[in-house]
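Order of the sequence lines sets the chain letters (A, B, ...), proteins ahead of strands, with each chain counted from 1. These figures come from a predicted structure and were not determined experimentally.
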There are 2 protein chains.
Amino acid sequence: MMAESPRRGVPEATVGRLPGYLRALTGLADRGRSSVSSDELAELTGVRGAQVRKDLSSLGSHGVRGVGYDVTRLSDQIAAELGLLEERPVVIVGIGNLGRALASYSGLATRGFRVAALLDVDPEVVGTEVDGLVVRPLGDLGALAELLSPVAVGVIATPGAAAQDVADLLVEHGVRSILTFAPVVLRLPDAVHVRAVDLASELQILAFHEHQRELAGAGEDVG
Amino acid sequence: MMAESPRRGVPEATVGRLPGYLRALTGLADRGRSSVSSDELAELTGVRGAQVRKDLSSLGSHGVRGVGYDVTRLSDQIAAELGLLEERPVVIVGIGNLGRALASYSGLATRGFRVAALLDVDPEVVGTEVDGLVVRPLGDLGALAELLSPVAVGVIATPGAAAQDVADLLVEHGVRSILTFAPVVLRLPDAVHVRAVDLASELQILAFHEHQRELAGAGEDVG
DNA sequence: TAGTGTGAACTCTTTCACAGCT
DNA sequence: AGCTGTGAAAGAGTTCACACTA
């Protein structure tokens, strides 16, 4: 028989859940579990069982009927899918409190990444050491090419005003995936993947729901 | 005629974009602009024009045909929808680098929030001052009730191992909306709204796309 | 004329429900 | 007996395209 192609195109919504599955599987493996059912994995990650099965089947996964999924095998398969079999370098630009938080976050190392470089423009910050790494001037980016292979992911933790320039610079040096915390919309070539986390937006979304509840409460029967 | 109900139920996907619109509108207002078209707003926020119009119409908004939307009016309307007409208090638990980054983020104040309290368990950290606020012991939460009105939003910036306990404590004290940065799934009553931002997951999602590109590149014509 | 508001088509995602395997 | 894998149904979200109007 011919090798079946595991899948073509994992749906984006599924990709978004893979890290959660991987995290749960790592936890299970640490506790010595060797197999897990879709319902249990669902429980651990806060989704539905059917969802887990659909997601995993889109990876071409093979669970065992009547038993479940092999924890190690599935974990490896997801890690492979995410491209984490090899440690991926991360460059963090902007070493304020946020940049420092990211730089010293041990979860990066345990989940497939290596902080390869810390960059900043502030001469007060450049040269200081964070979690064993010396902060370099932004201009050094070009000199770091060999540290950034396989292609690094860029993290922007600068003030909003600097974010676009930093993003352009990263892209110039070959970065194609950027995680930004700056509250601005980055204009970049379509080929660059950007994920934006905006703290204030997250809070505003929560505020919306809070507000809706307040309205609902006010409108309800009194007494 | 009777007052038309502006809407019933704004779609969740729309809610997720409102903060972006609000940010763009604030920028336009600062630059003295008084009206804006859906296409321009779309351009500024990185979505499509039709999307903007659908979103705004679900708020019961009224743009002017041939002209566009009134910047101030629309901005106020979105702020109202998000419940930001009154400053909403935020409690931050876990004053490590990340908690400090959040505490000193000026974007909170400019976007409808007030950092009402900083809490931590570490005696080394309790009593220190961050951005003009003294860090209090976690146990003080009960004593802060008056600071936390209207109902506060809780932010969890603790290590994963502490997150569930902190979340339970927040909920006990009336918090119904939580933003967590801890890489764990929180088990809370359904009535509590939780948004989880997991840095490593974000990077893994980017890594997935990076990896796909590498596969595609390797499979392509060479030369 | 420029630009909104919106039904209708389309696409993506989730959920259901059950056949089929171990 | 238990649990996966998956078509089919249902539900969300997005995009199209155009009538309408200031």
Side-chain angles (χ1 to χ4, degrees), chain A residues 1 4-21 24-25 28 33-71 73-75 77-78 81 190 205 208-209, chain B residues 4-21 24-25 28 33-71 73-75 77-78 190 205 208-209:
Chain A
M1 99 252 331
E4 59 204 282
S5 70
R7 51 58 250 291
R8 198 81 319 251
V10 180
E12 195 56 34
T14 296
V15 174
R17 282 184 295 267
L18 294 181
Y21 297 146
L25 289 165
L28 288 167
R33 288 285 303 280
S34 67
S35 93
V36 65
S37 71
S38 58
D39 280 339
E40 187 178 4
L41 198 45
E43 168 69 19
L44 289 169
T45 51
V47 306
R48 306 301 201 83
Q51 183 89 267
V52 171
R53 295 197 295 280
K54 258 264 147 72
D55 284 343
L56 297 184
S57 83
S58 95
L59 302 186
S61 147
H62 266 263
V64 181
R65 292 174 199 237
V67 178
Y69 300 86
D70 182 272
V71 170
R73 180 154 150 23
L74 183 53
S75 179
Q77 195 175 358
I78 294 177
E81 196 68 35
D190 289 350
I205 292 166
F208 170 87
H209 294 293
Chain B
E4 60 202 281
S5 71
R7 50 60 250 294
R8 196 82 320 251
V10 181
E12 194 54 36
T14 295
V15 174
R17 283 184 294 266
L18 294 181
Y21 298 145
L25 288 164
L28 287 167
R33 290 285 303 279
S34 67
S35 92
V36 64
S37 72
S38 57
D39 281 340
E40 187 178 5
L41 197 46
E43 167 70 18
L44 290 170
T45 50
V47 306
R48 306 298 201 86
Q51 183 89 266
V52 171
R53 294 199 294 279
K54 259 258 150 70
D55 284 342
L56 298 185
S57 84
S58 95
L59 302 186
S61 147
H62 265 262
V64 181
R65 293 175 198 237
V67 178
Y69 301 86
D70 181 272
V71 169
R73 179 154 150 26
L74 183 54
S75 181
Q77 196 173 358
I78 294 176
D190 289 350
I205 293 166
F208 170 87
H209 294 294

Return the value, rounded to whole Å, for the distance between atom [atom1] of [X] and atom [atom2] of [N].
X        : N       : atom1 : atom2 : result
Gln51(A) : dG5(D)  : CD    : P     : 15 Å
His62(A) : dG5(D)  : NE2   : C1'   : 9 Å
Tyr69(A) : dC3(D)  : OH    : C1'   : 8 Å
Arg53(B) : dC18(D) : CZ    : P     : 14 Å
Leu74(A) : dC3(D)  : CG    : C1'   : 15 Å
Glu12(A) : dT14(D) : CD    : P     : 13 Å
Asp70(A) : dC3(D)  : CG    : P     : 16 Å
Lys54(B) : dG13(D) : NZ    : P     : 12 Å

Atom [atom1] of [X] and atom [atom2] of [Y]: how far apart are they, to the nearest 0.5 Å?
X        : Y        : atom1 : atom2 : result
His62(A) : Leu56(A) : NE2   : CG    : 11.5 Å
Tyr21(B) : Thr14(B) : OH    : OG1   : 7.0 Å
Leu74(A) : Glu81(A) : CG    : CD    : 11.0 Å
Arg17(B) : Lys54(B) : CZ    : NZ    : 11.0 Å

Quickly, which of Ser38(A), Ser37(A), Ser75(A) forms a side-chain contact (heavy atoms from CB on, under 4.5 Å) with Tyr69(A)? Name it, please.
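Going through the options one by one, the only one that passes is Ser38(A).
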When the nearest nucleotide of DNA chain C is assigned to Pro11(A) and to Ala50(A) on a heavy-atom basis, which residue is associated with the more 5' position?
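It is Pro11(A) whose nearest nucleotide is closer to the 5' end.
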Pick the closest DNA chain C nucleotide for Val64(A) and for Ala13(A) by heavy atoms, then say which residue is nearer the 5' end.
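Whichever sits nearer the 5' end wins; that is Ala13(A).
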Minimum-distance pair of heavy atoms, taken over all atoms of Pro19(A) and Gly16(A):
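Scanning both residues, the minimum pair turns out to be CD-O, 3.7 Å.
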I need the minimum non-hydrogen distance between Leu59(A) and Leu18(A), along with the two atoms involved.
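Closest heavy-atom pair between Leu59(A) and Leu18(A): CD1-CD2, 4.0 Å.
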Counting only side-chain N and O atoms of [X], is one of them less than 4.0 Å from OP1 or OP2 of [N]?
X        : N       : value
Arg65(B) : dA19(D) : no
Ser38(A) : dT4(D)  : yes
Arg17(B) : dT14(D) : yes

Boundaries of the chain B footprint along DNA chain C (any atom under 4.0 Å from a heavy atom)
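From 5' to 3', the first and last contacting nucleotides are dA2(C) to dA8(C).
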